[in-house]
Protein chains: 2
Amino acid sequence: MQSYTEENYLKIIFHLSQNSNPVQTNAIAEKIQTKAASVTDMLKKLADKELVNYVKYQGVTLTEKGKLTAINIVRKHRLWEVFLVEKLNFKWDEVHEVAEELEHIKSTLLVERLDEFLEFPKVDPHGDPIPDQYGNFADLSFIKLSKLKANEKGTITGVSEHSSPFLKHLEKLGLTLGKKIEISEIIDFDGSVELLIDNNKINISREVAKHILISK
Amino acid sequence: MQSYTEENYLKIIFHLSQNSNPVQTNAIAEKIQTKAASVTDMLKKLADKELVNYVKYQGVTLTEKGKLTAINIVRKHRLWEVFLVEKLNFKWDEVHEVAEELEHIKSTLLVERLDEFLEFPKVDPHGDPIPDQYGNFADLSFIKLSKLKANEKGTITGVSEHSSPFLKHLEKLGLTLGKKIEISEIIDFDGSVELLIDNNKINISREVAKHILISK
DNA sequence: TATTTAATTTAGACAAATCTAAAATATATT
DNA sequence: AATATATTTTAGATTTGTCTAAATTAAATA
């Protein structure tokens, strides 16, 4: 049984592992809003419990056991987000903080019943895949909007940034899940992207484009 | 803002206040599964935060502020219990532990939306009243089954004990909310109660009768 | 390769919530 | 009212997760 805090560390390490493996102490410290020294302490503790492989100065990776724990938290987080949006009419930019709390509720019966109640959703309101109870992700092949070239088309199926300001911005531009878009031009000067959506031409910064996920 | 632990103390004090006021240190210790010394420490802390009125050796009462906090936790606990039973098909004896965790989720938006989603329920699955967002309880006039005399009739509308063994026992006897009963006899020897339900005559111990709530 | 800089760890301290054992106070009994 | 018993509090220690400041190691640069 892990504490609330331990669970958060495992979850963060899991997410950071997507980009770089092993994960560095400072990267964790920044995400968890704490100091590097505190992270070191926790990594030792998690290593003792065989949830992570930790070598001094070399960063950490999750063990199989740690990975399963982390995925289970991600599963709960995303199921609750679906619940909040689908059943309680939350907007997609309002769910993150609440789900951060709900993800730590322990009952497995609760999670399985919730999954059933929601009719076994495959993705959360941001387009992120929801792992099944064994930890398997349906693999959705996403590509960042910023990787598309002029004249290419696609459908918005996810976002890789969940902050409220970002999501509100997308909403205002009409860039929501399921919308079809076409790149009209990549602006040389700043790398910003001009695209067609609902017959309107709009321009978004490269930074925004990086966080929009497209499937063809 | 209160910690998870502080919230639990306030909730327990609130419940114990129904029977005796002020509430004694040992009573809290027993309910919270801790030692009297720990309770004393916490009571000082809660007194500093003006959530309780605490006088050494004299027990505690809740301040207005503490009472509102406690009622809000009770409100959340009971709403979540309704959700679990009505939406996720939990049985009435399976909800308590999970609700003990869910009651500490902080978002007020969540609570108000949940209330709406459940169509503003007035009682939880055990017949306990759900306070509104201002802390007002609809006052339901319950009487303990153990207070009834021979030949009196009534309807089961609540229980004052939420443990799984107790509720499973009631279930087995057919003693569920909404059922009409009639007392046929009070047994002198042990105070046990013989009653009619669904045209069957059954006998329940005085201890059980004390925890069944009746309205006429 | 030597040196500077950045990242990480250690050492020692702190706050929250708990504990045990001993002391203090209140209540009950004679 | 005096004594015995039960309840509560204090004092000091422990655990979890955190912190700062100093020391160590790794990486970058000259």
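Residue numbers start from 1 in every chain, and the chains themselves are labelled A, B, ... in the order their sequence lines are given, proteins ahead of strands.
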K.L.:
Under the side chain to side chain donor-acceptor pair (under 3.5 Å) test against A:W92, which residue among A:H162, A:E81, A:E171 passes?
P.N.:
A:E171

K.L.:
Please work out if A:Y4 contacts a base, only the sugar-phosphate, or nothing of the nucleic acid, heavy-atom cut-off 4.0 Å.
P.N.:
nothing

K.L.:
Kindly give the heavy-atom pair with the smallest separation between B:K210 and B:S160, and that separation in Å.
P.N.:
O-OG, 3.8 Å

K.L.:
Classify the angle between the aromatic ring planes of A:F14 and A:F137 as parallel (below 30°), tilted (30 to 60°) or perpendicular (above 60°).
P.N.:
parallel

K.L.:
For the pair made of CD in B:E7 and C1' in C:dA16, what is the distance, rounded to whole Å?
P.N.:
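In whole Å, C:dA16 C1' lies 15 Å from B:E7 CD.
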
K.L.:
For D:dA6, take OP1 and OP2 only and decide whether either is under 4.0 Å from a side-chain N or O of B:N26.
P.N.:
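For D:dA6, OP1/OP2 do not have a side-chain N/O of B:N26 under 4.0 Å.
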
K.L.:
Nucleotide by nucleotide, 5' to 3', does protein get under 4.0 Å of the base (B), only the sugar-phosphate (S), or neither (-) in nucleotides 18-25 of chain D, counting heavy atoms?
P.N.:
BBB---BS

K.L.:
Expressed in angstrom and rounded to an integer, what is the separation of A:L43 atom CG from C:dA7 atom P?
P.N.:
16 Å

K.L.:
So, B:K216 and B:E152, do they make that salt bridge, N to O below 4.0 Å?
P.N.:
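Looking at B:K216 and B:E152, the cut-off is met.
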
K.L.:
By the definition side chain to side chain donor-acceptor pair (under 3.5 Å), identify the one residue from A:H77, A:Q2, A:E7 that meets it with A:H104.
P.N.:
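Testing A:H104 for a side chain to side chain donor-acceptor pair (under 3.5 Å) against A:H77, A:Q2, A:E7 leaves exactly one candidate, A:E7.
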
K.L.:
With respect to the phosphate group of D:dT8, does any side-chain polar atom (N or O) of B:Q24 fall under 4.0 Å of OP1 or OP2?
P.N.:
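Checking D:dT8 against B:Q24, a side-chain N or O does come within under 4.0 Å of OP1 or OP2.
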
K.L.:
Would you mind reading off the distance between B:K44 atom NZ and C:dT18 atom C1', rounded to a whole angstrom?
P.N.:
14 Å

K.L.:
Heavy-atom nearest nucleotide on DNA chain D for B:Y54 versus A:S3: which residue maps closer to 5'?
P.N.:
B:Y54

K.L.:
By nearest heavy atom, map A:K56 and B:V55 onto DNA chain D; which one lands nearer the 5' end?
P.N.:
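Whichever sits nearer the 5' end wins; that is B:V55.
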
K.L.:
Mind calculating the distance between CG (A:L46) and C1' (D:dT16) to the nearest angstrom?
P.N.:
13 Å

K.L.:
So do A:P22 and A:V60 actually touch side chain to side chain, heavy atoms under 4.5 Å?
P.N.:
no

K.L.:
Expressed as a whole number of angstroms, how long is the span from B:D48:CG to C:dA16:P?
P.N.:
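Whole-Å distance recorded here is 11 Å.
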
